[in-house]
Chemist: 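The structure follows.
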Amino acid sequence: MSIQVFGIQVSRGVAIGRAVLVASSRVDVAHYYIAAADVPQEIERLRLARNAVADELEVLKVDMPPEAPHELAALLDVHLMLLHDETVIAATKNWVRERHYNAEWALSAQLEVLARQFDEMEDPYLRERKADVEQVVERMLRELTQIAPGAPTAPPAAPGPSASVDGGAGPNRAAGLASAAAPAPARRGAAVATPAAARDFAGEDPLVLVAADVAPADMLQFKRSVFTGFVTDVGGRTSHTAIVARSMDIPAVVGAREASRLIRQDDWVVIDGDAGVVVVNPPPIVLEEYRFRQRQSELERARLGRLRNTPAVTLDGQAVELLANIELPGDADAALAAGAMGVGLFRTEFLFMNRDGALPDEDEQYEAYREAVQAMRGLPVTIRTVDVGADKPLERVGAAEARHDHGLNPALGLRAIRWSLAEPGMFRQQLRAMLRAAAHGPVQVLVPMVAHFSEIHAIHEAILRARQQLSDAGKAQGAVTVGAMIEVPAAAVVISRFLRHFDFVSIGTNDLIQYTLAIDRADEAVSHLYDPWHPAVLALLQQVIAAAATAGKPVSVCGEMAGDPAFTELLLSFGLRSFSMHPSCVAEVKQRVLRTDTRQLAELQRTALDADAPEAETRAVRGRLRL
Ligand code: PEP
Ligand code: MG
């Protein structure tokens, strides 16, 4: 039966594929295709993991004190039985054999199928057995991280390597321990299809990811992954999960509440990223319509791609700077390919994630920043100091972190510059890395969430100290300009005074909207009130842009509004000439710029600032002016 699920559109276009359901707690499980030749070896990994867990459970049983409740032994027996159950093991092998999923992915895919079956059981006792299957699978997943892919395969047991998983005695655990000597895969970070294996994969169906929730750090793992689109139950349009998803440039819908419950493993799913709709198992005629739209949007992209080398200049000759937002140094290639004239926002906090708490030291950060600077070949790179906290928590548990974790409202708590100033050693370490990278090309240092004058003074002091430390150590450093993100209304209100202390400012509309309207940007329950068109937001934007012009200081917008073509003319009318966005948005915004005559925007600006309902009223003006 075909159903539709409605959510919030994140990134444009249409994706059509088979659903891969992933429980939130397992999104960091590695997802990659294996080559056909590696199927036996992957099945062997499953066998080793299963045997290791069985050994573990046997030891627990033997060591159980006599006074332990009798139910505990019975529970271990149930878990041991599940380890040999066909619906767990044999079906998992099928995912490996038929789909060429890696072992972890196959196991979690099968778990999702079983979990669904348990959820639908009438008998409460049987329904509760789901927890047992989950525990057994979790144990196996943990074991699998110890068994490296590509590790020497243990001798096959008759009649063939795959049969051994189902119950053949097979080689003992020592084989598994020996293979674990090969480098174990990272706990996270393997959600990537190796291109060779993907090519080798016989099944051609594209895949879309369906999950209740995906943390920004996990979403980062899905960059360059096998998925061509994704849907989550929670999240707002400018949640960091959505932002990372947008940077992947694949159709996505968030806040689709019931999606992960309604969609089943392997269902055919259409993700309409333009409308924020997910169609599950569409009838052939609907599917055909979406395929048509998919082809149209590919043609449109190809057409826009031809603007890559065209300078962004309005009809009346105003040059506009289009910059890129990046999360990792490797994204600089996409920025250049899109024709961006520099990086307007490098969100460095993503370098601090997926590391099991081990934060990057100065040298590692320096290498990352230098890589981005060199990749941009002389174009400016704006590196933002770390913006952790709120929906981008760190795994590390330090003093400041512990305080943050227990904060009542993380969006109002110890995040961004507040976190950096609470960790002065780490802040200076990051500043030193940036200053060293500046020796290789133009760097601008950008500080997030500045709201207090005491913070401004502390920032400049920290930069001075970092400079001094580098010269004491005889390390090369370059000149930098220093800017503040204007994303707290307090900073926007006193913008003229802020501008005295900075070389430039960049408006973070994602947070500016959140804090002006008191709407959590990651909460889909209030996402209908998260309104970039709110007159208060537009008034603050106009005020900051005008104040920067008066002060003769550069101003940019680097929030999602900059990449949304619905706002291009309005921002131009405010006097904005620098926009920073996901590389995938550059071409469309450029097209708007090329078609705009800024001399005709007075009415649009007036309407936006005076109207009670600016979105509808400016749309009418645009229609009349044929913008
Ligand atoms: C913003 O708030 O607009 C911004 C660009 O920063 P982030 O989205 O990373 O909070
Ligand atoms: Mg922000």
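As the structure lists them, so they are numbered: ligands from 1, and atoms in each ligand from 1.
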Chemist: Contact between ligand 1 and M485 is defined here as a heavy atom of the residue under 4.0 Å from a ligand atom; is it met?
Modeler: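 The answer is yes, since M485 has a heavy atom less than 4.0 Å from ligand 1.
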Chemist: Output yes when a side-chain donor or acceptor of H452 lies under 3.5 Å from a complementary backbone atom of S454, and no otherwise.
Modeler: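 No.
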Chemist: Would you check if the side chain of K553 reaches a backbone N or O of V505 as a donor-acceptor pair within less than 3.5 Å?
Modeler: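 Judged by distance alone, no pair lies under 3.5 Å.
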Chemist: Within the side chain of D387, is there an N or O that forms a donor-acceptor pair under 3.5 Å with the backbone of I417?
Modeler: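 No, because the side chain of D387 does not come within donor-acceptor range (under 3.5 Å) of the backbone of I417.
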Chemist: Can you list the atoms of ligand 1 that are under 4.0 Å from a heavy atom of D511?
Modeler: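 Taking each heavy atom of D511 in turn, ligand 1 has 1 (C), 2 (O), 3 (O), 10 (O) under 4.0 Å.
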Chemist: Run R415 and D511 through salt bridge (Lys or Arg N to Asp or Glu O under 4.0 Å) and show every step you take.
Modeler: CA-CA 12 Å; R415 68 166 282 207; D511 278 315; 3.1 Å; yes
Chemist: Within the 4.0 Å heavy-atom shell around R521, which atoms of ligand 1 are there?
Modeler: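 Matching atoms, with element in brackets: 2 (O), 7 (P), 8 (O), 10 (O).
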Chemist: Can Q514 be said to touch ligand 1, with heavy atoms closer than 4.0 Å?
Modeler: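 The answer is no: ligand 1 sits nowhere under 4.0 Å from a heavy atom of Q514.
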Chemist: Classify the contact between E560 and ligand 1 as side chain, backbone, both or neither, using a heavy-atom distance cut-off of under 4.0 Å.
Modeler: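 No part of E560 comes within reach of ligand 1.
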Chemist: In terms of atom number and element, which parts of ligand 1 are under 4.0 angstrom from non-hydrogen atoms of L345?
Modeler: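 Close to L345: 5 (C).
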Chemist: For the residue pair R436 and E362, establish whether any side-chain heavy-atom pair is separated by less than 4.5 Å.
Modeler: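 Yes. Closest side-chain heavy atoms under 4.5 Å.
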Chemist: Among protein heavy atoms, which sits nearest to atom 7 (P) of ligand 1, and what does the distance come to when rounded to 0.1 Å?
Modeler: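 Here the nearest protein heavy atom works out to H240 NE2, 3.2 Å.
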Chemist: Is the count of non-hydrogen atoms from other residues, nucleotides or ligands lying under 6.0 Å from D612 atom CG greater than 12?
Modeler: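 Not more than 12 within 6.0 Å, no.
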Chemist: At a 4.0 Å threshold, what atoms of ligand 1 neighbour a non-hydrogen atom of R415?
Modeler: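 It comes down to these atoms of ligand 1: 10 (O).
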Chemist: Looking only at atom types and distance, does a side-chain atom of Y366 sit under 3.5 Å from a main-chain N or O of R432, one as donor and one as acceptor?
Modeler: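 The answer is no, because no donor-acceptor pair under 3.5 Å joins these two groups.
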Chemist: Would R497 and F453 count as a cation-pi pair here, with the cationic atom under 6.0 angstrom from the ring centre and within 45° of the axis?
Modeler: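 Yes, R497 lies over the aromatic ring of F453.
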Chemist: Which of the protein's N, O or S atoms come within less than 2.8 Å of the Mg ion (ligand 2), not counting waters?
Modeler: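 E487 OE1, D511 OD2, with waters left out.
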Chemist: List every atom of ligand 1 that sits less than 4.0 Å from any heavy atom of I243, numbering the atoms from 1 in the order shown and giving each element.
Modeler: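 The list of qualifying atoms is 8 (O).
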Chemist: Can you find a heavy atom in the side chain of R246 that is under 4.5 Å from one in the side chain of R237?
Modeler: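 Sidechains of R237 and R246: in contact.
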Chemist: So, the side chain of T382 versus the backbone of V343: is there a donor-acceptor pair under 3.5 Å, distance only?
Modeler: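 Yes; at least one donor-acceptor contact below 3.5 Å.
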Chemist: So is R347 actually on top of F350's ring, under 6.0 Å and inside 45° of the axis?
Modeler: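 Not flagged: R347 not positioned over aromatic ring of F350.
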Chemist: Got the closest protein heavy atom to atom 6 (O) of ligand 1, with its distance?
Modeler: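 Sorting protein heavy atoms by distance from atom 6 (O) of ligand 1 puts R384 NH1, 2.9 Å first.
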Chemist: In ligand 1, which numbered atoms sit nearer than 4.0 Å to a non-hydrogen atom of G508?
Modeler: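 So the answer, numbered in order with elements, is 1 (C), 2 (O), 3 (O).
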Chemist: Considering distance alone, does some N or O of T509 sit under 3.5 Å from an N or O of ligand 1?
Modeler: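 It does: an N or O of T509 is found under 3.5 Å from an N or O of ligand 1.
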Chemist: Take W533 and F567, measure what ring pair (Phe, Tyr, Trp, His ring centres under 6.0 Å) needs, and give me the verdict at the end.
Modeler: CA-CA 9 Å; W533 289 100; F567 292 100; 4.4 Å; yes
Chemist: Please list, in number order, the atoms of ligand 1 under 4.0 Å from a heavy atom of C558.
Modeler: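 Answer for ligand 1: 5 (C).
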Chemist: May I ask you to identify, for I507, whether its side chain, its backbone, both or neither come under 4.0 Å of ligand 1 on a heavy-atom basis?
Modeler: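 Near ligand 1, I507 shows nothing, with every heavy atom at 4.0 Å or more.
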Chemist: Tell me yes or no: between the side chains of T385 and Q430, is some donor less than 3.5 Å from an acceptor?
Modeler: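 No donor-acceptor contact under 3.5 Å links the two side chains.
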Chemist: What atoms in ligand 1 come closer than 4.0 Å to a heavy atom of D387?
Modeler: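 By the 4.0 Å cutoff, the relevant atoms are 10 (O).
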